[in-house]
Student: 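Got a structure for you, questions after.
Keep in mind that what you see is a predicted model, and the values were worked out from it rather than measured. Ligands are counted one by one from 1 in listed order, and the atoms in each one are counted from 1 as well. Any value given below was found using the heavy atoms of this structure, including those in side chains, with hydrogens, waters and symmetry copies removed.
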Amino acid sequence: MADGNIPVDLQDDSSEDLSTNPTSNITFQDVVKKQLSRRSVVKGSLAAAGATFLAPAAGYARGRDAFRRAPAAEPEALLGFTPLSIEAATAEQGRTVTISPDYEYQALIPWGTPIDPNSNIAEYTGDPNTRPTAAEQEQMIGIGHDGMWFYPMNLPSILMLEQRKGLELPGSLRSRILNSREGMICINHEFGRNSHVLGKSFPETLEDVRLSQAAHGVSVVAVAESGRFGPGEWNVVSNPNSRRITVNTEVDVSGPVAGSPLLGNSAGNVPAGTVNNCGSGATLWGTYLTCEENFNGYFGSTTGDTTGFNELQAAAYARYGFSENGFGYGWHLFDARFDIANPGFANESNRFGWCVEIDPFDATKKPVKRSALGRFKHEACAFTELADGRVAVFMGDDQRGDYCYKYESNQPWRDVIAAGLSPLDDGKLYVAKFGAGPEGEGTGEWIELTASNPDIAAAGLDTQDKVLVYARMAADVVGATKMDRPEWSTIGKDGEVYWTLTNNDRKDDGQGAISDVNPIFENSDGYIIKTTDTSATTFEWNMFLISRNTRPEDPGADASDVPYAEYTAPADGGENVFTDPDAAWADPFGRLFIGTDGGQPSGLQDQMVVIDTATGEYKRLLMGVASDEITGAAPTPNYKTLFTNTQHPGNGSPSSTNFPAPFDGVTIPRDCTIVIRHKGGGVVGS
Ligand code: FEO
Ligand code: CA
Ligand code: CA
Ligand code: CA
């Protein structure tokens with residue numbers, strides 16, 4: 001949620017703005033700050049400094065990024081494109097998306113697009129006088145486009161072939177034979193305000209609530225590129241596996257929390273739905289993992305009581321940020337599931353806050369909540385294969401002062417999949433504790449969250465289902481490091497993990513804490529860190545990029561700032577300035593694609609920049625429209641097409657932008673996917 005350029009009202013996702021972490025977890029800043037001296041080594045390009053700091057991590061991670069393996073061919077130039085200039089970007093006044101002159105884009109699947117083009121449902125095109133019905137919306141693309149992935153249409157047959165042969169095709173071959181012109185897009189619909197979705201600030205009927213609910217969730221939709229011989233237009237195509245998944249879709253829960261009394265309701269309702277689907281991750285076995293972030297905001301209390309039905313729940317409601325009115329969606333007034341004061345649904349809220357696995361190619365399979373990955377405000381998840389064939393998943397919990405997590409499967413994922421089980425059901429969950437790093441680099445520990453840890457058990461979390469349902473509280477106990485809002489994580493080409501820490505300028509009222517890895521007190525611009533695991537329980541970290549250092553001018557420091565974070569003017573004079581990094585995708589060529597979310601400097605809107613991780617050089621590829629944010633990044637297997645999104649364009653108001661419609665000041669702007677392509681047919685980013 002953009003928090004730099006919109007007024008904060010009840011109904012937004014700015015619970016991110018309010019820390020609910022009451023702990024006084026140790027900040028190593030307290031320990032080491034006194035000894036710090038200003039070191040010139042990290043002044044200048046921090047990104048470049050970061051690239052050389054870490055020794056290879058003894059092969060702990062193999063660096064597999066999703067299912068893509070090694071690329072077909074290196075792009076001619078890692079960052080060869082002409083950047084979108086500030087002048088060209090701002091000339092459009094935020095009314096339309098702008099892009100590098102070497103690139104072209106197309107809007108695809110805006111909110112209101114029927115997921116089956118052969119259905120008799122008409123597209124909702126942004127008429128301000130009407131909205132879809134709830135029943136129509138259930139068959140349409142939702143709103144709040146965020147995490148996404150493109151699954152080539154022939155992926156299942158390639159995976160099957162590999163499994164049958166017990167081998168893996170070479171990456172270059174895979175990249176060539178996987179279909180880059182037709183596939184299933186899985187895409188999250190994180191949120192849509194009532195004013196945008198309903199055309200009014202508050203629901204008046206259950207039908208209104210059902211419309212709001214149907215606009216949230218996930219779409220699985222088939223798309224194909226037209227034009228037989230060359231680049232064409234992307235369109236939705238009919239496919240039996242295209243479907244909507246909403247908060248009312250039946251789901252399964254697997255892993256240690258399955259069957260736990262913590263998920264039981266006396267109302268007897270079966271587990272259903274997913275909500276506030278923020279970022280995502282592509283598993284190594286061809287499925288999609290959608291992440292439930294600010295789920296608390298959809299619950300409310302009809303009595304005003306927010307203390308739950310037992311002591312543990314009272315503590316958890318506070319820690320997870322439940323409140324009387326939530327984010328103002330009003331669902332709880334018409335749908336008792338979302339009323340935390342209703343004893344019949346006493347544990348309904350425990351059914352949210354998970355990572356949920358979806359099979360893009362099988363609409364008959366229920367989405368599965370993978371409880372072993374813990375319950376918190378999941379931003380996104382990044383998968384990698386470890387040297388011994390097990391899978392690791394890196395996950396941020398996006399709130400001021402919350403934590404970075406990791407999951408590792410206990411067994412090699414191929415063996416588990418071959419046995420018909422899930423590698424996400426049997427493994428260990430860890431939380432990160434960052435050690436001191438006075439020069440913007442250091443080591444850290446992954447601390448396992450387990451009921452067999454006496455400190456965790458002593459806090460009332462004495463069984464593993466409790467530890468996982470209340471993962472934040474278990475992490476509090478072991479002294480995890482408070483971070484400046486961990487958003488996306490993504491795996492770099494050598495297995496390193498990049499984490500976007502979007503911003504946090506509220507440390508003065510206790511929402512988070514300053515530390516070497518969170519070095520700026522009034523951190524309104526954010527930063528990107530890099531971690532590299534050296535074992536299951538240890539890692540190295542370094543500050544990869546401080547957004548403040550992309551600014552043309554010194555924004556001013558605070559006396560509490562860690563010395564190494566002192567402003568350093570950028571080499572480009574601020575032409576490619578960006579702040580508030582959020583969405584992140586590392587490609588296999590050593591580049592990092594970043595989507596921003598926050599008020600951008602120099603008259604810019606939120607944007608996508610590309611960073612060369614070896615040199616630290618960065619360029620602006622694309623800019624969104626007024627009041628939107630740029631979310632998600634998903635390539636085709638040949639890397640020549642990239643899908644990203646504009647989320648909440650104009651914040652739903654038609655006065656500043658009507659995107660994807662041309663500017664008319666009237667048409668309701670609609671969240672949509674942006675398809676990006678190099679005019680010369682090159683790999684995106686080159
Ligand atoms: Fe949904 Fe933290 O962004
Ligand atoms: Ca954000
Ligand atoms: Ca968002
Ligand atoms: Ca985000």
Student: How wide is the angle at atom 2 (Fe) of ligand 1 between OE1 of E379 and OD2 of D398, to the nearest 10°?
Tutor: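 Seen from atom 2 (Fe) of ligand 1, OE1 and OD2 are separated by roughly 110°.
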Student: Only counting residues at least two apart or in another chain, list the ones meeting side-chain contact (heavy atoms from CB on, under 4.5 Å) with R95.
Tutor: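 Listed in chain order: Q93, F663.
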Student: Identify, by name, the N, O or S atom of E487 lying closest to the Ca ion (ligand 4).
Tutor: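 The Ca ion (ligand 4) is closest to the E487 atom OE1, counting only N, O or S.
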Student: Among H145, R244, R243, which residue meets the side-chain hydrogen bond (donor to acceptor under 3.5 Å, both in side chains) test with S219?
Tutor: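 Result: among H145, R244, R243, R244 is the only option passing the side-chain hydrogen bond (donor to acceptor under 3.5 Å, both in side chains) with S219.
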Student: Nearest 0.5 Å, please: how far is CG in N194 from CZ in F202?
Tutor: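 That separation rounds to 7.5 Å.
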Student: The Ca ion (ligand 2) to D398: any N/O/S contact under 3.0 Å?
Tutor: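 Coordinating: no.
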Student: Of the backbone and side-chain N, O or S atoms of D597, does one lie nearer to the Ca ion (ligand 2) than 3.0 Å?
Tutor: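 So D597 does bind the Ca ion (ligand 2) by this criterion.
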Student: Which residues pass the side-chain hydrogen bond (donor to acceptor under 3.5 Å, both in side chains) test with T500, sequence neighbours left out?
Tutor: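 Once residues adjacent in sequence are excluded, T500 has no partner under the side-chain hydrogen bond (donor to acceptor under 3.5 Å, both in side chains) criterion.
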Student: Look at the N, O or S atoms of D580, main chain and side chain alike, and state whether any lies under 3.0 Å from the Ca ion (ligand 2).
Tutor: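 For D580, the answer is no, given that no N, O or S atom comes within less than 3.0 Å of the Ca ion (ligand 2).
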Student: Has E293 got an N/O/S atom less than 3.0 Å from the Ca ion (ligand 4)?
Tutor: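 Here the distance criterion (N, O or S atom, under 3.0 Å) is not met by E293, so no.
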Student: Just one of R472, R485, K482, E293 clears the side-chain hydrogen bond (donor to acceptor under 3.5 Å, both in side chains) bar with Q399, so which one?
Tutor: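 So, applying the side-chain hydrogen bond (donor to acceptor under 3.5 Å, both in side chains) to Q399 and each of R472, R485, K482, E293, only R472 qualifies.
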Student: Examine distances only and state if a side-chain atom of R551 and a backbone atom of Y567 form a donor-acceptor pair shorter than 3.5 Å.
Tutor: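 Not confirmed, R551 side chain does not pair with Y567 backbone.
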Student: If you check every N/O/S atom of D582, which is the one nearest the Ca ion (ligand 2)?
Tutor: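 Atom name of the closest N, O or S in D582: OD2.
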Student: Please give the atom name: the N, O or S atom of E487 nearest to atom 2 (Fe) of ligand 1.
Tutor: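 It is OE1 of E487.
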Student: N/O/S atom of E293 under 2.8 Å from atom 2 (Fe) of ligand 1, yes or no?
Tutor: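 So E293 counts as coordinating atom 2 (Fe) of ligand 1, yes.
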Student: Do the non-hydrogen side-chain atoms of H216 and Y298 ever get within less than 4.5 Å of each other?
Tutor: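 Yes, at least one pair of side-chain atoms sits under 4.5 Å.
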Student: Could you tell me which N, O or S atom of E379 is nearest to the Ca ion (ligand 4)?
Tutor: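 Relative to the Ca ion (ligand 4), the closest nitrogen, oxygen or sulfur of E379 carries the name OE2.
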